[in-house]
> 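Below you'll find the structure I mean.
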Amino acid sequence: MIYLDHAASTPMRPDAVAAMLPFLAEHPGNPSGSHGASRVAKTALEAAREDVADVLGCEPREVVFTGSGSESDNLAVKAAAWAAHERHTELDGVVVSAIEHKAVLGAAHRLTDSGCRVAEVAATLAGTVDLERLARAIDDRTSVVSVMTVNNETGVVQPLQVVAAIVRERAPHALLHTDAVQAPQWLDIGAATRGFDLVSLSGHKFGGPKGVGVLVRRDGVPLTPLIEGGGHEHGLRAGTQNVAGIVAFASALRFTHDNRDTERARIAMLRDRLEAALADNLGGVTANGDPDLRVEGALHVAIDGVEAETLLVALDGVGVCAASGSACSSGAIDPSHVLLAMGVARERALSSIRMSLGWASTDADIDAAIERIPTVVRRLRERAA
């Protein structure tokens, strides 16, 4: 199997598995308890929190563990908007980019039930949020602005510091959130998200386990909890913490951070080799978004003469795993909302697939992909002719 879907989920790193196993098999304690077994779990939980904070450039008290990146997004967007409206009823505006993950878009539009004004800001053909439209969408009643760090489909890095400057000038009371789920492999999160009040992450995107996320909540940022019933996670997320998953999350994040530069260079070479081979062997292969702005593991392309869903099924049949967009949308026949928000034509969007590389990608994977993908595409083009 050739796995080209790391943006959806990565294999777990061996060190993360090793860190996780003792808390699955040997340490049953609840970290909220007071006896010895609980203290072992609590110590591991807080050590992981400190390690995550160190990598992310924040304080341990600012790290909130959640059950996923989607939960972190929902906690950030909904909880910030609710808290703002509770303090100042005139703060009712929520602004998001139209290329956000569905977790952010869904959370934002749910807030209309609470009387919020929600605005989606389109993107440019390059794949970045349209800054002029963003500025026009923000006013002094805006409470939350959410723009992702790295797009989960195109891999394009968003201009966060420019976004922050626009928001601070036009909406001084607004809280800034970024979904950084796709970023830890490629960017220093602390530096990339400087000035943002809320930052979301998910473990299974960089070699950690599924079912663990993080929300960085800066000191003093008010949030109204989504899940109540206890004082866990600074009162923001009731429920016994997933100690095994959190320990593995911290291990994978640390390894990713410490090896980022080497891995970025290695993966970029693999991605570029695959892209060049597809272009040379097939023709009619066009990158979506500005190639100079994407992260090293992203290869999102339109392939002329084929329909994406048909191509993905055929690729799966020869052992190549790819996607048509975000994992939450796989199997859908609708074109990518990200590409449409960028102004990409519907026909091109329907012929676009995402191939994403990560820490487990190898030269042998790329060799096999270069052999198999053109063969499948040619066969489909011949059938359609």
Side-chain angles (χ1 to χ4, degrees), residues 45-46 48-88 91 93-97 100-101 103-104 107-108 111 138 142-150 158-184 187-203 212-227 231-238 241 246 249-250 253 257:
L45 173 66
E46 295 309 322
R49 194 187 308 277
E50 291 177 4
D51 207 19
V52 169
D54 182 60
V55 170
L56 299 182
C58 65
E59 297 297 324
R61 63 181 176 274
E62 297 177 317
V63 174
V64 179
F65 289 112
T66 68
S68 65
S70 291
E71 184 188 335
S72 297
D73 285 340
N74 273 261
L75 178 59
V77 175
K78 292 177 181 175
W82 287 338
H85 195 61
E86 288 167 4
R87 297 190 330 272
H88 305 287
L91 293 178
V94 176
V95 178
V96 298
S97 83
E100 295 298 306
H101 187 278
V104 168
L111 287 167
I138 297 169
T142 300
S143 62
V144 181
V145 177
S146 184
V147 176
M148 66 200 330
T149 309
V150 174
Q158 301 301 305
L160 291 192
Q161 297 312 308
V162 181
V163 168
I166 291 171
V167 174
R168 297 308 180 203
E169 177 183 356
R170 301 183 67 87
H173 300 294
L175 293 176
L176 274 164
H177 167 251
T178 185
D179 176 336
V181 164
Q182 295 289 341
L187 304 174
D188 181 328
I189 300 299
T193 65
R194 188 173 294 116
F196 277 68
D197 304 292
L198 299 156
V199 182
S200 300
L201 297 173
S202 183
V212 184
V214 156
L215 178 65
V216 176
R217 190 275 304 259
R218 309 295 183 190
D219 279 344
V221 172
L223 296 178
T224 300
L226 300 183
I227 304 174
H232 312 82
E233 296 306 301
H234 322 298
L236 291 175
R237 204 261 186 180
Q241 294 94 335
I246 288 168
F249 179 108
L253 185 65
H257 179 74

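Since this is a predicted model, take the numbers as computed values, not measurements.
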> Going by salt bridge (Lys or Arg N to Asp or Glu O under 4.0 Å), name the residues that satisfy it together with D188, two or more places apart in sequence or in a different chain.
none

> Which residues pass the side-chain contact (heavy atoms from CB on, under 4.5 Å) test with H88, not counting sequence neighbours?
E90, L91

> Side chain to side chain contact (heavy atoms under 4.5 Å, CB included) for H257 and L56? Distances and angles first, verdict last.
CA-CA 9 Å; H257 179 74; L56 299 182; over 6 Å; no

> Taking side-chain contact (heavy atoms from CB on, under 4.5 Å) as the definition, give me every residue that meets it alongside A79, ordered by chain and number, with sequence neighbours left out.
L75, L223

> Do V199 and R218 come within less than 4.5 Å of each other through their side chains, counting heavy atoms only?
yes

> Rounded to the nearest 0.5 Å, how far does CD of E62 lie from CG of L215?
10.5 Å

> Does the pair S143 and H85 meet the rule for a side-chain hydrogen bond (donor to acceptor under 3.5 Å, both in side chains), with working shown?
CA-CA 8 Å; S143 62; H85 195 61; over 6 Å; no

> Measure the CZ-NE2 distance between R87 and H173 for me, rounded to the nearest 0.5 Å.
9.5 Å

> So, for F196 and A164, which heavy atoms are closest and what is the spacing to 0.1 Å?
CE1-CB, 4.0 Å

> Does any N or O in the side chain of Q161 come within less than 3.5 Å of the main-chain N or O of R194, such that one atom is a donor and the other an acceptor?
yes

> Got a second to check how far L176's CG is from T193's OG1, nearest 0.5 Å?
10.5 Å

> To the closest 0.5 Å, what do you measure between CG (D197) and OG1 (T178)?
11.5 Å

> Quick one: list whatever passes side-chain contact (heavy atoms from CB on, under 4.5 Å) with V181, sequence neighbours left out.
D179, S202, K205

> Atom CE in M148, atom CD in Q182: separation rounded to 0.5 Å?
7.5 Å

> Measure across P184 and L253 and return the closest heavy-atom pair with its distance rounded to 0.1 Å.
CB-CD1, 4.1 Å

> What pairs with E59 under salt bridge (Lys or Arg N to Asp or Glu O under 4.0 Å), at least two apart in sequence or on another chain?
R61

> Before giving the answer on side-chain hydrogen bond (donor to acceptor under 3.5 Å, both in side chains), spell out for Q158 and S97 the whole-Å C-alpha distance, their side-chain angles and the decisive distance to 0.1 Å.
CA-CA 10 Å; Q158 301 301 305; S97 83; 5.9 Å; no

> Roughly how far, to the nearest 0.5 Å, is the CD1 atom of I138 from the CZ atom of R170?
7.0 Å

> Hey, is CZ on R168 packed in by over 12 heavy atoms from elsewhere, all under 6.0 Å?
yes

> Looking only at heavy atoms, which two atoms of S72 and G213 are closest? And how far apart?
OG-C, 4.0 Å

> Restricting to non-hydrogen atoms, name the atom on H234 and the atom on V63 that form the minimum distance, rounded to 0.1 Å.
NE2-O, 3.2 Å

> For A165, which residues count as a side-chain contact (heavy atoms from CB on, under 4.5 Å) partner, sequence neighbours excluded?
none

